> 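Have a look at this one before I ask anything.
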Amino acid sequence: MTNSEIAAVFEHVADLLEFQGANPFRVRAYRNAARTLHDLTESAAEIVGDPERSLTEVEGIGKDLADKVATLVQTGTLPMLEELRAEIPESVMAVLRVPGLGPKRAAQLFHELKVATLDQLRAACESHQVQELKGFGAKSEAAILEGLDIASEAGRRILWIEADQHVQEIVAHMEGCKAVKKIAAAGSYRRGRETIGDLDFLVVTEKVAAVMDHLAQFAGVASVIARGDTKMSLRLAAGVQVDLRAVPAESFGAALQYFTGSKEHNIVLRGRAKSQGLKINEYGVFRGEKSIAGRTEEDVYAALHLPCFPPELREARREFEWADAGQLPELVGVGDLRGDLHMHSTWTDGQASIEEMAAAAQQRGLKYIAITDHSKRVTMVGGLDAKRLRQQWAEIDRLNPRLHGITVLKGIEVDILERGGLDLPDDVLADADWVVASVHYGQQQSREQITRRAIEALENPHVDAMAHPTGRLLLERKPYAIDLEAVMRAAATTASCWNSTPIRHGSIWTTWPARPPRVLASRSSFRPIPIDCRV
DNA sequence: GCCGTTTTCGGCCCGACTGTTTTCAGTCG
C-alpha cells in the first residue's frame, strides 16, 4: 500500500470523525498524519517492514497511528474505517460540501431529518422542515438552497494561471478607487500553489465602505456572500470566491502574513509565538497588550526570531526545521533557468527556424535548448518521421559549431499512440539528447486507458519527460532528485509548459506564459514543486 | 490522537461574520 493510499484512508477517517462530532484535535491528528505520509519521501510500508525502525519516529505519528498504518499495510483495510462507514452513509459527505454547512449542522440534519443526500437536503429545505430545527431559521434554509445550487462549483480549484487573470483584473479595478491606499493578493495565489481555491485581497484604507462598494461593482461579481466592518466575501460569475479584508497600515504586514497562510504554517507559527509568551494575529505580534510588530512581514517573523519565509515555502512541511538550522533553501527562480527543453521550430508548427530560436534563447540567458518538434502521428502539422528527424538533427549538428555559449540539443516530442507505444522506434529515440512523450490523440479514452499509455511511455528508458495533454508535465516518475542540474532541467521543462497557451515572443514560438511563476523549485528540495492533482 | 513535561495529563491558533439567539454556536479561512 502506497503512502498516498494510506493518507487517503486517514483523510476519510478524519471526515467521518468530524461528522460524528469527535474531538477536533483528534480529527486534526488524522489530517496531519495524512499530510505527513503523503509528503514522506520514504515508503511507510518499508518502514513498517523494517524491524529496526518505527513509524513513530515520524513527527505527528504516535503509537496508535503507527499501529493503524501497520494494519493497513498488512491487511489492506482498517477495521475502524469500516465501522465508521457502517454508521455513516457515503453520500452524507456531499452535504458537508454545501457552503455554510459544517460537520455539526450536517450531523444535526442527518440525525433529526434523516438527510443523507443532496436531494434529500433540497427536499427538506423546500418543505421548510429545516427552518424548524433548533439553531436553523428561514435565512439558514434559504442559504442552504442557494448553496446547493453552487455546491458543484464551490470548492473547485482553479489553475494558478487562471487565478492570476482574475487577480490582475481585480487589482486593476481596485486601483481605480481613490480610497485604496494599498492592495495585495494573499492566500495560496501568493504562495504560488499550482491550484487555487479562492482569492484573498488585503487593502489598506481609511474608507472601508467605499472600498467594498467599489469591489461590489467589479464586472465579474455574481453575488455578495458576506459583508462586515472589515471583511467582505463575494463570488465571481466564474464561480471563484473572493475575500477582501481591510486593515490599518500598521497591521498590513501581520495581515499579509496571516492571509498568505498556509493555515498549517500559521498554526505552527502561533504555537511558536505562544511558547515565547507572545500572541500573533492578523493585527500584529503582541506581548501582553503591547504590539511589538505588524507593519511588515519581515518585522512579524523577526519578532519570532524567524526569517521571512518566501511564500512558496509556507506549507508547514519542513520550513521551520530548515529555519532553525539556519538553512532556509534558496529558491529557483525564472532567472536561474539555463535551458528550455520543449521547443518547436518551422520543421513542424513553430514559427521560427532553429537558428533563430537559439539566438533568442541566448538573448534570454539560456545555455541550452532542446528542439522537440512533433513526430509523424501529428499529421496536421507535418510531424517528423525518422528520416526527416535525422535530417533535422544533421542540421543541428551543422549549427552547433557555429554557436558560442549555447548548445542546441537534438530532441523530439514523440507521440504516445492510441493503442499504446511510441510513434518512433527505440533506435531512433536512443540517438536523441532529449525525448518528451505526449498524448495528442485518443483523448476520448478513459482516464485509466490514458494513464496506462502514459505510464508505459515513461517506462521506456529513452523517454526523459512527459507532456500532459494540457501541456503540463508529469515529472514524478523520473529520478530528478539527483542533482541541481537535473532540477534545473526539470524546472526548465516545467516552466516552458506551464501554460498550454502558446505566446509569441518576437519571432520566436514558445510555450512560455506571459507571466511565469516567480519560483519554480526549491534548491534544497531537489524536486520541482509538486504537481497538485486536485483540479 | 499527539506531544512534552515543573513528565502520563492538559493543551492543542485565532478572529470575523452570520443567524439565531438574548450571550453564543457554528462555520470559515
Side-chain angles (χ1 to χ4, degrees), chain A residues 10 13-14 17-19 21-36 55-69 80 95-109 130-144 146-147 154-155 186-191 196-202 208 212 224-235 241-247 251 254-255 257-276 278-286 304 316:
Chain A
F10 282 179
V13 168
L17 284 175
E18 192 167 43
F19 183 80
N23 178 348
F25 298 106
R26 187 177 169 214
V27 176
R28 189 201 283 174
Y30 277 95
R31 293 207 197 283
N32 280 344
R35 223 166 63 93
T36 303
L55 261 183
T56 54
E57 69 199 47
V58 178
E59 172 109 16
I61 298 188
K63 183 173 181 314
D64 186 275
L65 290 178
D67 286 347
K68 288 195 166 75
V69 171
M80 175 204 193
V95 175
L96 279 172
R97 284 197 289 275
V98 175
L101 279 187
K104 294 270 166 56
R105 307 219 297 170
Q108 194 183 351
L109 288 166
V130 171
Q131 57 173 281
E132 300 300 323
L133 295 181
K134 183 173 167 58
F136 287 79
K139 281 198 175 178
S140 300
E141 196 174 78
I144 292 171
E146 197 178 325
S188 51
Y189 168 78
R190 180 162 180 250
R191 297 203 310 281
I196 312 297
D198 59 12
L199 303 176
D200 299 292
F201 291 93
L202 287 179
V208 178
M212 289 185 177
V224 175
I225 299 169
R227 177 172 169 165
D229 293 336
T230 63
K231 188 185 163 195
M232 180 180 193
S233 294
L234 44 82
R235 193 171 301 282
Q241 182 171 331
V242 175
D243 294 329
L244 177 89
R245 195 64 188 258
V247 293
S251 296
Q257 190 290 313
Y258 183 92
F259 289 107
T260 296
S262 66
K263 189 179 166 191
E264 291 78 12
H265 176 90
N266 285 354
I267 287 173
V268 175
L269 199 67
R270 270 151 224 285
R272 291 210 166 199
K274 204 161 186 171
S275 67
Q276 293 172 34
L278 302 171
K279 188 178 81 167
I280 172 171
N281 58 26
E282 58 261 56
Y283 299 109
V285 182
F286 297 86
L304 300 169

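Every chain is numbered from 1, with letters handed out A, B, ... down the list of sequences. Only heavy atoms go into these numbers, but all of them, side chains included; no hydrogens, no water, no symmetry mates. Small disclaimer: the values here were computed from a predicted structure and weren't measured.
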> Nearest-Å distance, CG (A/Leu269) to C1' (B/dC14)?
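About 12 Å, once rounded to whole Å.
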
> Does A/Gln131 use its side chain to pair, donor to acceptor, with the backbone of A/Glu141 at less than 3.5 Å?
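No: the side chain of A/Gln131 does not pair with the backbone of A/Glu141.
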
> Show the distances under 3.5 angstrom between N or O atoms of the protein and N or O atoms of nucleotides 3-7 of chain B.
{"residue": "B/dC3", "atom": "OP1", "partner": "A/Gly60", "partner atom": "N", "Å": "2.7"}

> What does nucleotides 23-29 of chain B look like as a protein-contact string, B for base, S for sugar-phosphate only, - for none, at under 4.0 angstrom between heavy atoms?
---SSSB

> Looking only at atom C1', what distance separates B/dC3 and B/dC17, rounded to whole Å?
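Those two atoms are separated by 33 Å.
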
> Taking only the P atom of each, what is the distance from B/dT22 to B/dA16 in whole angstrom?
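It works out to 24 Å between them.
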
> Distance between the C1' atoms of B/dT7 and B/dC2, in whole angstroms?
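My reading of the C1' atoms in B/dT7 and B/dC2 gives 15 Å.
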
> A/Asn281 CG to B/dC14 P: how many Å, rounded?
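Whole-Å distance recorded here is 9 Å.
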
> Suppose you measure atom C1' in B/dC9 against the same atom in B/dC14; what distance do you get, rounded to whole Å?
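B/dC9 and B/dC14 have their C1' atoms separated by 24 Å.
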
> Please list, chain by chain and in numerical order, all residues satisfying salt bridge (charged side-chain N to carboxylate O under 4.0 Å, His left out) with A/Asp67, sequence neighbours excluded.
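Counting only residues at least two positions away or on another chain, A/Asp67 forms a salt bridge (charged side-chain N to carboxylate O under 4.0 Å, His left out) with A/Lys63.
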
> Hey, does the side chain of A/Ser233 come within less than 4.0 Å of B/dC17's phosphate (OP1/OP2), counting only N and O?
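So the side-chain polar atoms of A/Ser233 never come under 4.0 Å of the phosphate oxygens OP1 or OP2 of B/dC17.
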
> Using OP1 and OP2 only, check whether a side-chain N or O of A/Asn266 sits under 4.0 Å from B/dC13.
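Indeed not, no polar side-chain atom of A/Asn266 lies that close.
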
> For A/Arg105, what residues pass the side-chain hydrogen bond (donor to acceptor under 3.5 Å, both in side chains) criterion, not counting sequence neighbours?
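In terms of side-chain hydrogen bond (donor to acceptor under 3.5 Å, both in side chains), with neighbours along the sequence ignored, A/Arg105 is linked to no residue.
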
> Could you tell me how far B/dT20 sits from B/dG26 if I compare only their C1' atoms? Round to whole Å.
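Nearest-Å result for B/dG26 against B/dT20 at atom C1': 11 Å.
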
> Could you check A/Ile280 against A/Gly137 and say which one's nearest nucleotide on DNA chain B is further toward the 5' end?
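The residue mapped nearer the 5' terminus is A/Ile280.
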
> Tell me every residue that passes salt bridge (charged side-chain N to carboxylate O under 4.0 Å, His left out) with A/Lys279, counting only those two or more places apart in sequence or in another chain.
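A/Lys279 satisfies salt bridge (charged side-chain N to carboxylate O under 4.0 Å, His left out) with no residue once adjacent residues are dropped.
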
> For the P atoms, the ones on B/dT5 and on B/dG1, what distance do you get once it is rounded to whole angstrom?
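It comes out at 23 Å once rounded to the nearest Å.
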
> Quick check against the 3.5 Å criterion: does A/Arg191 have a side-chain atom that pairs as donor or acceptor with the backbone of A/Thr260?
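Yes; judged by distance alone, with no hydrogens or angles, the pair exists.
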
> Once rounded to the nearest 0.5 Å, what's the spacing between atom CZ of A/Arg28 and atom CD1 of A/Ile267?
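Rounded to the nearest 0.5 Å, the CZ-CD1 separation comes to 4.5 Å.
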
> I'd like to check the side-chain hydrogen bond (donor to acceptor under 3.5 Å, both in side chains) partners of A/Arg272; sequence neighbours left out, ordered by chain and number.
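Listed in chain order: A/Asp324.
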
> Nearest whole Å is fine: how far is B/dT20 P from A/Gln131 CD?
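Checked: the CD to P distance equals 9 Å.
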
> In whole angstrom, give the distance that lies between atom CG of A/Asp229 and atom P of B/dG15.
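Nearest whole value for this atom pair: 17 Å.
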
> I need the minimum non-hydrogen distance between A/Ser233 and A/Asp243, along with the two atoms involved.
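Nearest heavy atoms, A/Ser233 then A/Asp243: OG-OD1, 2.7 Å.
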
> What is the distance, rounded to the nearest whole Å, between atom CZ of A/Arg245 and atom C1' of B/dG15?
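Nearest whole value for this atom pair: 7 Å.
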
> Does B/dC24 have a Watson-Crick or wobble mate here (both distances under 3.5 Å), and if so which one?
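Pairing partner: B/dG19.
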
> Tell me what A/Arg28 touches on the nucleic acid: a base, only sugar-phosphate, or nothing, going by heavy atoms under 4.0 Å.
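Base contact.
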
> How would you list, by chain and number, every residue that makes a ring-ring contact (aromatic ring centres under 6.0 Å, His included) with A/Tyr30, sequence neighbours excluded?
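By the ring-ring contact (aromatic ring centres under 6.0 Å, His included) rule, A/Tyr30 matches A/Phe10.
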
> With rounding to whole Å, what would you report as the distance between B/dC13 and B/dG19 at their C1' atoms?
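Taking atom C1' in both B/dC13 and B/dG19, they lie 25 Å apart.
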
> Once you round it to whole Å, what is the distance between P of B/dC13 and CD of A/Gln276?
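Roughly 15 Å, once rounded to whole Å.
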
> Roughly how many Å is it from CZ in A/Phe25 to P in B/dG10, rounded to a whole number?
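Rounded to the whole Å, the gap is 15 Å.
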
> Just to verify, what does A/Glu282 make a salt bridge (charged side-chain N to carboxylate O under 4.0 Å, His left out) with, not counting sequence neighbours?
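So A/Glu282 forms a salt bridge (charged side-chain N to carboxylate O under 4.0 Å, His left out) with A/Arg245.
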
> Could you tell me how far apart A/Ile267 (CD1) and B/dG15 (C1') are, to the nearest whole angstrom?
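The answer, rounded to whole Å, is 13 Å.
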
> Picking from B/dC17, B/dC12, B/dC2, which would you name as closest to the side chain of A/Ala226?
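Selected nucleotide (nearest to the side chain): B/dC17.
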
> Classify A/Asn23 by what it touches in the nucleic acid, base, sugar-phosphate, or nothing, heavy-atom distance under 4.0 Å.
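Contact class for A/Asn23: base.
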
> Under the ring-ring contact (aromatic ring centres under 6.0 Å, His included) test, which residues partner A/Phe286, sequence neighbours left out?
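Expected list: none.
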
> For A/Ala138, answer base if it contacts any base atom (sugar-phosphate contacts may also be present), sugar-phosphate if it contacts only those atoms, and nothing otherwise; contact means non-hydrogen atoms under 4.0 Å.
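It contacts sugar-phosphate atoms only.
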
> Under 4.0 Å between any heavy atoms, over every strand shown, what does A/Lys279 touch: base, sugar-phosphate, or nothing? Just pick one.
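Sugar-phosphate only.
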
> Heavy-atom nearest nucleotide on DNA chain B for A/Ala29 versus A/Val268: which residue maps closer to 5'?
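Here A/Ala29 is the residue nearer the 5' end.
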
